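One structure is given below, encoded as structure tokens.
Both backbone and side-chain heavy atoms feed into the values below; hydrogens, waters and symmetry mates do not. Chain identifiers are assigned alphabetically (A, B, ...) following the order of the sequence lines, protein sequences preceding nucleic acid strands; residue numbering begins at 1 within each chain. If you're wondering where the values come from, they're calculated on a predicted model, not measured in any experiment.
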Amino acid sequence: AGNQETSDGIVIGVSLPTQREARWVRDKETMEAYAEELGIDLRMAVADADMAQQASQVENLLAQQVDVLILAPHDASASASLVKRSVAEGVPVISYARLIRDTSDISLFMAIDPEEVGRLQGKFLVDTVGPGNYILMAGAPTDYNATLFFNGAMEYIKPMVDSGEINVVAEQAVENWLPANALAIVENALTAANNKVDAILAPNDGTAGGAIVALEAQGLVGQVVITGQDAEVAAMKRIVAGTQTMSVLKDTRILGKAAIDAAVKIAQGETPDTHGSTIDNGAGEIPALLIPPIVITKDNLDEVVINSGYLERSQVYGE
Amino acid sequence: MQEQQTKIVLELQDITKRFPGVLALDNVSFKLRAGEIHALVGENGAGKSTLMKVLSGIYPKGSYSGTILLHGTPVEFSDIKESEQHGIAVIYQELALVPYLTVRQNLFLGNERRKGLRINDIEEYKLAQKVLERVGINVSPDAHVIDLGIGQQQLIEIAKALLKQAKILILDEPTAALNEQESENLLEIIRELSKEGVSLVFISHKLEEVLSIADSITILRDGRSIVSTVDDDKTVNLWSEKNIIKYMVGRPMEQRFPREPHNRGDHILSLRNWTLYHSERKDRTIINNLSLDVFTGEVLGIAGLMGSGRTELATSIFGTYNGIVTGEIEIDGHSSGPLTTEACIAKGIVYLTEDRKNLGLVLNMSVQENSTLAVLGRLTRHGLVVDSFEEKKAARKYCEELTIKTPSLEQRAMNLSGGNQQKLVLAKWIMVEPRVLILDEPTRGIDVGAKFEIYKIINRLIERGMAVIMISSELPEILGMSDRIIVFHEGQIRADLRHEEADPEKVMFYATGGIENGKA
Amino acid sequence: MEKPDSVLLLVREQIERNLKQYMMVLILGGIWLIFTILTGGLFFTARNYTNLLQQTAYTAIAAMGVVLVIVAGHIDLSIGSVVGLAGAVAAYLQVYHGMPTFIAILAALLVGALIGAWQGYWISYRNIPAFIVTLAGMTLFRGILIYITQGQTISPIWDSFSAIGQGYLPKINNACRIHDSTLYLTVVVVFLYNILQVSFYLRKQRNLLITLPGALQFIKQLLVSIAIIFFSGFLILYRGIPYSIILVFFVALLYSFIATKTPFGRYVYAIGGNREAARYSGINIRKVNFSIFVSMGILASLSGVVFTARLSSAAASTGQGFELDVIASAIIGGANPLGGEGTIIGALLGALIMSSINNGMSLMNMSADIQMICKGLVLLIAVWFDLSTKNRK
Amino acid sequence: MEKPDSVLLLVREQIERNLKQYMMVLILGGIWLIFTILTGGLFFTARNYTNLLQQTAYTAIAAMGVVLVIVAGHIDLSIGSVVGLAGAVAAYLQVYHGMPTFIAILAALLVGALIGAWQGYWISYRNIPAFIVTLAGMTLFRGILIYITQGQTISPIWDSFSAIGQGYLPKINNACRIHDSTLYLTVVVVFLYNILQVSFYLRKQRNLLITLPGALQFIKQLLVSIAIIFFSGFLILYRGIPYSIILVFFVALLYSFIATKTPFGRYVYAIGGNREAARYSGINIRKVNFSIFVSMGILASLSGVVFTARLSSAAASTGQGFELDVIASAIIGGANPLGGEGTIIGALLGALIMSSINNGMSLMNMSADIQMICKGLVLLIAVWFDLSTKNRK
Ligand SMILES: Nc1ncnc2c1ncn2[C@@H]1O[C@H](COP(=O)(O)OP(=O)(O)OP(=O)(O)O)[C@@H](O)[C@H]1O
Ligand SMILES: Nc1ncnc2c1ncn2[C@@H]1O[C@H](COP(=O)(O)OP(=O)(O)OP(=O)(O)O)[C@@H](O)[C@H]1O
Ligand SMILES: [Mg+2]
Ligand SMILES: [Mg+2]
């Protein structure tokens with residue numbers, strides 16, 4: 001943790017993409033609590049899943065003379081110009097949670113790699129189900145991160161599709177990530193496949209929830225393997241109940257605190273220690289601090305989610 | 001006056017126009033001679049406006065059958081622009097002004113004065129001022145049309161048509177909304193135009209005007225041309241109101257105003273300290289401290305010039321005035337502040353607006369729905385469900401009583417002729433069985449036969465113990481029907497005359513601001 | 001009035017007046033036919049038919065509310081946020097405070113009514129354009145929703161709650177091979193329909209109003225009865241009638257009744273047709289406008305309840321963009337965006353057309369971008385087809 | 001005409017006619033004042049003022065286009081999708097095909113014009129309500145956009161392109177401490193403004209039209225000049241005038257000219273104010289409506305170009321929900337949602353109010369949900385305040 005004396009007067013700006021998803025709310029809370037603990041002046045701006053709005057907010061943070069900017073972009077590729085502007089003003093940028101591409105001005109990247117999350121989902125399906133009938137859903141077609149998740153998963157699934165082992169019953173993107181849309185997609189896909197479905201790739205817990213409703217209606221729940229991510233409370237309850245097969249934990253508490261620590265270091269002119277690990281963002285190697293995402297199943301849920309303190313036992317199991 | 005054999009500039013041959021369920025024009029022929037003033041008369045719904053809309057391209061080629069000959073050559077118009085290019089301009093019966101635009105913008109709409117790409121504002125200003133003066137209206141070219149009374153709007157329409165410098169000018173009831181003086185002014189303009197060689201078609205229900213100005217007359221009845229002086233070689237001089245009416249209605253009519261002596265009854269409505277403030281300039285009053293008493297069993301006529309505030313008085317009583325109203329209103333001895341429209345109707349005070357199209361009717365609703373709109377609450381079962389049978393019966397009864405010409409009760413109000421629309425608004429209010437009926441220009445655009453019917457209805461209402469307040473700019477009507485006449489000038493009552501005392505000179509004297517000898 | 005002509009005239013009028021609805025039904029039939037062919041029959045199976053109805057239910061409910069709003073010349077952009085907020089309130093009360101389903105739903109409806117009253121107040125008593133008030137509402141209520149959920153999905157709700165969105169009318173005799181209770185319900189509905197029609201017919205005759213000739217009236221009733229039996233036959237063969245569809249049915253009856261049979265309904269049309277004329281007829285415009293928005297709030301929250309029940313959960317993004325689907329349904333169903341025209345049945349058909357397009361394309365497993373392109377085109381063409389056959393001005 | 005009264009009347013009329021705009025300016029001032037206090041002065045610094053303008057530019061451009069659409073009684077829901085698509089086309093051509101900035105932008109504008117023509121065709125020649133056509137367009141063009149981008153963000157664009165959204169007018173003398181070129185520009189603008197006013201004034205007098213008394217005319221020009229100098233002073237002290245603001249300025253001049261000085265502009269108001277009257281005046285309604293949508297398409301794509309330049313990239317989600325901001329700006333600026341009323345300057349002010357609210361709250365680092373709640377309320381109250389002081393019917 002940072003030192004009370006030296007962190008005095010440091011202003012850290014944070015720009016988050018949305019508050020509609022629980023994980024970002026957690027990021028926000030973690031960082032705010034930790035900054036208060038350290039006595040750091042934290043300027044937090046949260047956009048509403050809108051890149052233009054986020055661009056304005058970054059400008060407004062810069063206008064507040066922050067020393068370091070922690071930027072979790074809504075659209076990582078579209079954020080290079082924000083980094084450029086920020087660095088031009090002498091404000092170093094930490095690329096948080098999503099890797100900002102095509103700029104070498106980033107001081108540090110720290111994240112859970114979205115493609116890695118996708119890979120975990122794809123690998124899980126291929127390992128547990130293997131050949132069979134699959135319903136593949138991607139996140140919002142307008143959301144670049146959705147593409148990254150999906151591409152990650154397809155690294156495992158695509159070869160088996162090509163070899164004919166996997167039969168894709170339906171492959172559709174869920175508009176706006178809305179569970180209701182996922183529900184309709186799965187309902188219709190089940191109708192089309194006459195219920196002969198073995199696995200569903202759901203891009204996150206919300207859409208998984210929608211898909212499971214469709215499975216329930218056909219009495220297929222528990223028989224079809226279904227993925228997710230975000231470790232939402234609702235999903236944890238479903239995993240306990242056996243209706244959802246897996247989710248992916250991205251423990252943002254560690255990430256949030258680490259980001260503040262790194263920001264303080266950078267503000268004081270030091271270089272945060274990444275143990276030499278770097279990542280290529282298209283413009284060169286960037287120092288990187290990567291936190292591995294973890295697969296959650298019924299078997300490891302208690303250990304990974306509850307014992308680690310990510311969620312309270314009562315939240316998942318009730319009173 | 002023109003020679004008998006002047007050449008025909010325009011001829012309509014065998015025009016037939018059909019609407020769903022209505023044969024509006026049935027083989028109508030019509031000839032217009034160069035430089036003449038040609039009156040086109042007929043009952044409400046006879047087809048006058050429709051004929052002119054065929055001529056001007058509102059109903060484009062293909063939607064009617066028959067031929068239009070202009071200077072002997074057949075023409076077909078597919079829109080108004082085309083007929084305008086042939087020198088035909090029309091003032092439509094339904095005012096066609098854009099409320100949010102200014103007077104100047106309306107005057108030149110579709111006919112802008114240009115300088116390159118842009119509008120030549122200065123030239124438009126100058127022309128606007130000139131033409132406004134010519135039609136005798138004192139408004140700024142920058143005033144918004146929405147703020148003008150209906151009469152002023154009519155004059156703007158006329159000015160707008162004058163600016164087009166047409167060779168053939170059609171005026172569809174241009175004087176319906178004007179008072180005597182303005183009408184006279186307009187007739188003078190028409191005579192001048194005719195002298196300048198413009199051919200004019202003049203549609204009106206005011207037969208005195210027709211007789212005083214027309215060179216020829218064509219009469220329509222039920223979509224057919226009955227007679228035309230152009231064919232029969234009769235000269236207009238030999239015509240009288242009586243035989244026009246005979247041709248129009250199909251039977252002779254002896255009397256214009258069926259006035260009966262009434263017995264004034266009790267006090268029914270009084271106003272005390274009634275003051276209206278201007279809707280935008282709150283420091284200005286339109287009517288100041290007015291007092292008025294209305295009695296059952298009398299027709300109270302209100303005379304005055306346009307803009308004298310009569311409409312404002314009526315709307316303020318009825319709760320639809322847009323500015324602040326103060327004062328006391330006393331009904332049956334109960335006195336209170338200004339009432340809401342709902343309360344007025346509940347107490348039996350109703351108001352027939354002068355602007356049927358914008359304030360009187362929901363044009364896309366049916367005749368039936370319009371007629372029952374104000375009494376719907378009473379036509380219900382258990383106060384909840386509209387009793388469709390009762391509704392239909394009531395609608396039919398009043399439509400028949402007022403001889404509204406419509407193919408069915410389901411017809412949309414927008415498809416009725418102007419006069420029939422007016423009757424429909426009247427039907428709506430008579431259905432309320434009011435105790436005080438305020439009529440604002442009730443016979444505007446109504447044919448003589450129907451006027452007579454309306455007067456009889458007024459008499460019937462009076463006999464049933466109601467009071468009728470009749471605001472009208474037609475002096476003969478005021479003088480002919482009222483038991484008592486008050487004369488308005490600039491928001492004040494200048495005179496209160498009994499039927500016997502009143503004559504046109506007196507009324508005009510007070511209406512123009514004259515003050516009684518000795519009191520001045 | 002004339003007698004011999006008038007019967008023909010009446011038939012003609014009846015047909016013309018209802019042409020809009022008939023045309024919509026034809027277009028819907030066309031869409032169904034095309035998708036049935038394209039999906040090799042899959043579209044027109046009992047199972048998909050049931051799915052389709054359930055996918056339509058919540059849109060249809062809100063669309064029926066927005067018809068009145070649009071007819072009166074307003075708009076409501078806050079529907080999606082209200083749907084989300086009301087659903088979240090119900091789920092919140094049940095999941096975090098253990099409230100029984102009935103109470104939770106009542107609370108949601110109350111929230112809807114309050115929201116409606118709030119918006120209605122600004123629109124009718126403060127004369128602010130509905131576009132602004134409901135746009136502000138859209139942001140405001142979404143903000144409150146995010147505040148309440150903190151991004152978390154609220155779940156799971158009780159089975160009694162989910163049943164509203166996912167459940168079916170129970171069978172009476174479980175051993176029965178077909179769905180008996182739905183069958184009985186159908187019989188009752190067909191019976192009632194015919195009774196009402198005949199009694200109305202006789203009452204018309206007694207009142208000496210023009211009626212259809214007996215034979216035509218009979219044919220009309222027969223056709224409608226067959227249609228009802230045919231379509232509920234699908235439900236009978238599958239799992240019976242979903243609760244949500246019963247709800248839609250009741251809302252449709254109630255709102256058709258309000259729109260066509262009550263003074264209030266008439267006033268709504270009058271205000272949209274000519275606000276000033278309505279005012280000059282003594283209609284209390286403010287009260288009517290206020291009530292319209294309260295009704296909209298209640299139906300939006302009811303839609304939100306069905307939505308939540310269907311997903312067994314509520315989330316911060318629920319209902320995003322939903323208002324456009326709802327308004328589009330009403331307008332496809334013939335509501336005039338400038339006010340004065342529109343019908344409840346039209347909105348219902350419009351919602352069904354919208355979800356048929358979505359359902360059909362999703363069955364064909366089109367990719368999202370192609371789906372969007374097709375959806376845009378189909379929407380346009382359907383409305384064009386509808387309007388062009390009626391050659392309105 | 002009467003002389004002594006009429007001058008007073010004219011002054012009064014001038015004030016009343018412009019009251020709407022004056023009121024908006026006051027409200028804007030109020031909002032700025034409040035945020036300046038709440039942010040401890042941060043809001044009203046040269047730097048934030050520059051940011052604010054840049055954050056407004058693309059909304060303002062589209063809002064000026066939509067004013068004509070709304071005035072004519074239509075709506076355009078496809079703006080957001082068109083913004084996204086046009087921006088993506090430009091970025092695509094540059095990033096994947098190396099087209100120079102000028103060509104790429106021209107192509108984007110062409111796409112906008114074609115889209116406008118497509119929508120205009122359906123609306124004016126096929127009589128389909130704009131709501132439906134542009135709702136279909138919203139889905140359709142978003143679908144095409146996703147198809148083009150395949151969910152990928154297209155970047156990076158060249159610096160010459162980004163400059164449109166991020167760059168400033170260059171200095172002439174780099175050593176100069178203040179921004180010299182902006183200063184000169186300001187001087188030129190103030191000079192031109194005064195020249196034009198005086199010449200118009202003299203022309204009016206020559207033609208014997210009523211004019212303001214000389215002293216008043218002088219005061220008016222003085223006040224406007226001071227305002228221009230004051231606000232560009234901010235730009236001069238920071239980095240000068242951004243290119244995007246120069247663009248906004250030109251579009252505003254052009255569209256104000258079109259709206260108030262050309263027959264076309266007058267027709268737009270006439271059609272929205274009374275369609276029948278417009279028809280009876282011989283206006284070719286179809287042609288006018290068609291042109292309105294072509295103009296909207298072009299401005300939407302111009303806005304898309306600025307948008308893309310600002311982010312140096314184009315993505316599938318660009319412009320989602322943007323249409324509501326744009327329409328709201330126009331309506332806050334006094335456009336009547338039912339048509340007939342609205343001004344270009346109003347839309348500009350409306351856009352500025354919207355982005356001031358966003359900017360101020362973001363400076364205060366409010367959390368997203370609280371921001372949304374406040375934004376909804378502020379929007380409502382601002383419009384209410386505006387309307388209530390004008391007590392329109
Ligand atoms: N658009 C329309 N649709 C259906 N019927 C119409 C339409 N326009 C006019 N009509 C009918 O055509 C007939 C002739 O109407 P028109 O307006 O020409 O009468 P008019 O002679 O001008 O009467 P008025 O003196 O009342 O103005 C009327 O019966 C009217 O109801
Ligand atoms: N909305 C308004 N805004 C400003 N002035 C108005 C408005 N309405 C009416 N006036 C003015 O109020 C005065 C009286 O109006 P109005 O013409 O209705 O009186 P009237 O005596 O009924 O005359 P008419 O013979 O035209 O019926 C006129 O000077 C008119 O211009
Ligand atoms: Mg007529
Ligand atoms: Mg009057």
Side-chain angles (χ1 to χ4, degrees), chain B residues 20-21 315 318-320 322 340-346 349-353 355-366 369-370 372-381 383-393 396 399-400 406-414 425 428-429 432, chain C residues 1-2 5-6 8-10 12-18 71-73 127 200 202-211 257-288 336 338-342 391-393:
Chain B
T315 53
F318 194 55
T320 53
N322 274 325
T340 63
T341 309
E342 251 182 318
C344 275
I345 294 175
I349 302 173
V350 304
Y351 167 67
L352 176 105
T353 164
D355 186 355
R356 60 176 170 249
K357 210 175 157 199
N358 291 314
L359 307 179
L361 293 171
V362 183
L363 288 170
N364 68 353
M365 278 188 152
S366 69
E369 288 170 328
N370 269 293
T372 57
L373 199 52
V375 292
L376 209 55
R378 302 182 200 167
L379 294 172
T380 53
R381 275 179 279 150
L384 199 70
V385 191
V386 177
D387 187 328
S388 53
F389 296 124
E390 284 305 315
E391 188 189 358
K392 200 167 236 59
K393 272 190 214 159
R396 183 181 297 166
C399 286
E400 275 167 10
T406 171
S408 81
L409 292 175
E410 264 71 50
Q411 178 73 298
R412 288 182 179 211
M414 67 171 82
V425 190
K428 171 168 82 179
W429 290 123
V432 176
Chain C
M1 290 194 179
E2 334 83 305
D5 240 25
S6 60
L8 257 176
L9 213 93
L10 187 80
R12 194 185 195 148
E13 224 167 55
Q14 282 247 348
I15 291 178
E16 263 167 31
R17 199 169 347 139
N18 294 319
V71 166
N127 291 321
F200 192 66
L202 293 179
R203 214 145 67 83
K204 257 188 166 173
Q205 280 199 328
R206 258 207 315 284
N207 283 277
L208 299 175
L209 295 172
I210 310 166
T211 51
F257 176 79
I258 290 176
T260 60
K261 302 279 182 217
T262 65
F264 172 77
R266 185 77 58 84
Y267 296 159
V268 173
Y269 285 83
I271 290 174
N274 184 346
R275 197 188 142 93
E276 286 301 295
R279 192 161 76 97
Y280 274 78
S281 299
I283 295 171
N284 190 334
I285 295 182
R286 301 195 151 166
K287 221 166 80 186
V288 174
N336 182 340
L338 296 176
E341 293 174 293
N391 67 337
R392 339 190 268 198
K393 282 167 292 185

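For a residue to count as touching a neighbouring chain, one of its non-hydrogen atoms must lie under 4.5 Å from one of that chain's; by this rule B/Arg381 touches chain C with the side chain only. Heavy atoms of C/Ile258 lying under 4.5 Å from chain B are absent altogether. Interface remark: B/Thr340 contributes no atoms to any contact with chain C (heavy atom separation under 4.5 Å). In this structure, the portion of B/Lys428 lying under 4.5 Å from any heavy atom of chain C is its side chain and not its backbone. Proximity to chain C (any heavy atom under 4.5 Å) is restricted, for B/Thr380, to the side chain, taken from C-beta onward. Proximity to chain C (any heavy atom under 4.5 Å) is shown, for B/Leu373, by both the backbone and the side chain.
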Practice item. Would you please test B/Val362 and C/Tyr269 for side-chain contact (heavy atoms from CB on, under 4.5 Å) and show each step? Key: CA-CA 9 Å; B/Val362 183; C/Tyr269 285 83; over 6 Å; no
Exercise for review: Would you sort out whether B/Asn358 and C/Glu276 count as a side-chain contact (heavy atoms from CB on, under 4.5 Å), showing the intermediate values?
Suggested key: CA-CA 7 Å; B/Asn358 291 314; C/Glu276 286 301 295; 5.9 Å; no
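Between C/Asn274 and B/Leu359 the shortest heavy-atom distance is ND2-N, 4.5 Å.
Contact count versus chain B (heavy atoms, under 4.5 Å) is highest, among C/Gly340, C/Gly282, C/Ala278, C/Ala277, for C/Ala277.
Expressed to the nearest 0.5 Å, how far OG1 of B/Thr353 lies from OH of C/Tyr280 amounts to 6.0 Å. To the nearest 0.5 Å, atom CD1 of residue C/Ile283 and atom OG1 of residue B/Thr341 are 10.5 Å apart. Rounding to the nearest 0.5 Å places CD of B/Glu342 at 13.0 Å from CZ of C/Arg279.
Residues satisfying the ring pair (Phe, Tyr, Trp, His ring centres under 6.0 Å) test with C/Phe257, not counting sequence neighbours, are none.
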